[in-house]
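Contents: one structure, followed by commentary.
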Amino acid sequence: MNGTDGVRIVPDWRVLIVGGASGMGKTGVGRALARRYDVPIVEVDDIVEALFAVTLPEHLPEVHFWRTHPEAARQAPESVVERQIAIAEALAPAIEAVVANHVGTDTPVILEGDYVLPGPATPEGPVRAVFLHEDDGAQVTANYLRREPEAGPQRHRARVSVLYGRWLAAQARAAGVPVVAPRPWEDLPSRVAEAVEACGAAASSHAP
């Protein structure tokens, strides 16, 4: 639903990727877009949990890394980011299989998560993507504190998110995928929708 006049907006894509590091507002945006387009959401975390259930660490060591090496999360932010990137790359074939299935079966879906990469996106085709990035560590720290007040200020985690988010944003821009700043929060879903729909408009204008 479009949230204003009750008319369903039919997407011209089959998979919409909402990516970015943790603490950037992906979950809220994904839910708002699901209502806008009346499509379901698949969270990358669910794909990870499914892989945990059917594999052992020796099968997919990168995917299992945080469970087998929990102490590594306390390393320098740059080292944690290197591990995040390795996990995202290890998960890419599984995520691409999910994307291909939804394109092949013509069933629209929103795919949201920290570990999704812009690789499957076709900016003017059936797989669209948008990445969220907030570069202010203090703001990301405040986001975590609002979401998880019992944990106190998570400055190390926020620094990891900013660095990993920068890497994801660079990958997205290189692939021609829009990168949207989360603030102002009030109009973030509409700005994300505009960025996605602009890709479709560009495709139409280039059609013979």
Answer yes when Arg36 and Glu197 have at least one side-chain N-carboxylate O distance shorter than 4.0 Å, and no when they do not. yes
Of all heavy-atom pairs between Ala172 and Val179, which one has the smallest distance, and what is that distance? CB-CG2, 3.8 Å
Shortest non-hydrogen contact between Tyr37 and Pro11, atoms and distance: CD2-CB, 4.0 Å
Scan side-chain atoms only and decide if Ser22 and Tyr144 contain a donor-acceptor pair under the 3.5 Å cut-off. yes
Flag yes if Trp13 and Ile17 sit in one hydrophobic cluster, no otherwise; membership is Ile, Leu, Val, Met, Phe, Trp, Tyr, and two members link when side-chain heavy atoms are under 4.5 Å apart. no
Assess the residue pair Arg14 and Asp106 against the criterion (side chain to side chain contact (heavy atoms under 4.5 Å, CB included)); give the C-alpha distance rounded to whole Å, side-chain angles, the decisive distance to 0.1 Å, and a yes or no. CA-CA 6 Å; Arg14 288 299 166 266; Asp106 195 24; 2.3 Å; yes
Intermediate values then yes/no, side chain to side chain contact (heavy atoms under 4.5 Å, CB included), Glu148 and Arg157: CA-CA 12 Å; Glu148 303 166 11; Arg157 185 182 179 192; 2.9 Å; yes
Separation between CG of Leu91 and CG of Leu117, rounded to the nearest 0.5 Å: 8.5 Å
Applying the 4.5 Å side-chain criterion to the ILVMFWY set and letting contacts propagate, would Val127 and Phe131 be lumped into a single cluster? yes
How many angstroms lie between atom OG1 of Thr27 and atom CG of Leu132, to the nearest 0.5 angstrom? 10.0 Å
Ile95 vs Val44, test: side chain to side chain contact (heavy atoms under 4.5 Å, CB included). Steps then yes/no. CA-CA 8 Å; Ile95 293 172; Val44 173; 3.9 Å; yes
Contact check, side chains of Phe65 and Gln84, non-hydrogen atoms, under 4.5 Å: no
Same cluster (ILVMFWY, side-chain, under 4.5 Å), Ile41 and Val103: no
Kindly compute the distance separating CZ (Arg35) from CD1 (Ile110), expressed to the nearest 0.5 Å. 10.0 Å
Classify the ring geometry between Phe52 and His64 as parallel (under 30°), tilted (30 to 60°) or perpendicular (over 60°). tilted
When you measure from the side chain of Arg128 to the backbone N and O of Ala195, does any donor-acceptor pair fall under 3.5 Å? no
Tell me whether Glu78 is salt-bridged to Arg166, with the criterion being a basic N under 4.0 Å from an acidic carboxylate O. no
Before giving the answer on side chain to side chain contact (heavy atoms under 4.5 Å, CB included), spell out for Leu51 and Leu60 the whole-Å C-alpha distance, their side-chain angles and the decisive distance to 0.1 Å. CA-CA 9 Å; Leu51 290 173; Leu60 292 173; 4.2 Å; yes
Find out whether Trp66 and Val80 are in side-chain contact, i.e. whether some heavy atom of one side chain is under 4.5 Å from a heavy atom of the other. yes
Spacing of Ser161 atom OG and His156 atom NE2 [to the nearest 0.5 Å]: 10.5 Å
Using a strict 4.0 Å threshold on nitrogen-to-oxygen distance, state whether Arg31 and Glu112 make a salt bridge. no
Under the 3.5 angstrom rule, does the side chain of Arg159 hit a backbone N or O of Ala76 as a donor-acceptor pair? no
Is there a donor-acceptor contact under 3.5 Å from the side chain of Arg155 to the main chain of Ala138? no
On a heavy-atom basis, the closest approach of Gly19 and Val116 is CA-CG1, 3.8 Å
So if I apply the salt bridge (charged side-chain N to carboxylate O under 4.0 Å, His left out) rule between Arg83 and each of Glu62, Glu71, Glu89, which one comes out positive? Glu62
With rounding to the nearest 0.5 Å, note down the distance linking CZ in Arg146 to OG1 in Thr141. 11.0 Å
From CD1 (Ile85) to OH (Tyr164), nearest 0.5 Å: 7.0 Å
Could you tell me whether the side chain of Glu134 and the main chain of Asp136 form a donor-acceptor pair under 3.5 Å? yes
Heavy atoms of Ala121 and Ala129 approach each other most closely as CB-CB, 3.7 Å
Check whether Val15 and Val39 end up in the same hydrophobic cluster, where Ile, Leu, Val, Met, Phe, Trp and Tyr are linked by side-chain heavy atoms less than 4.5 Å apart. no
Residue pair Pro153 / Leu145: nearest heavy atoms and the distance that separates them: N-CD1, 3.9 Å
Considering only heavy atoms from C-beta outward, does the side chain of Met24 approach that of Val140 to under 4.5 Å? yes
Side chains of Leu111 and Ile47: closer than 4.5 Å at any heavy-atom pair? yes
Might you point out which heavy atoms bring Asp114 and Lys26 nearest each other, and give the distance in Å? OD1-NZ, 2.7 Å
Hydrophobic clusters here meaning ILVMFWY residues chained together by side-chain heavy-atom distances under 4.5 Å, can you tell me if Val99 and Val109 are in one? yes
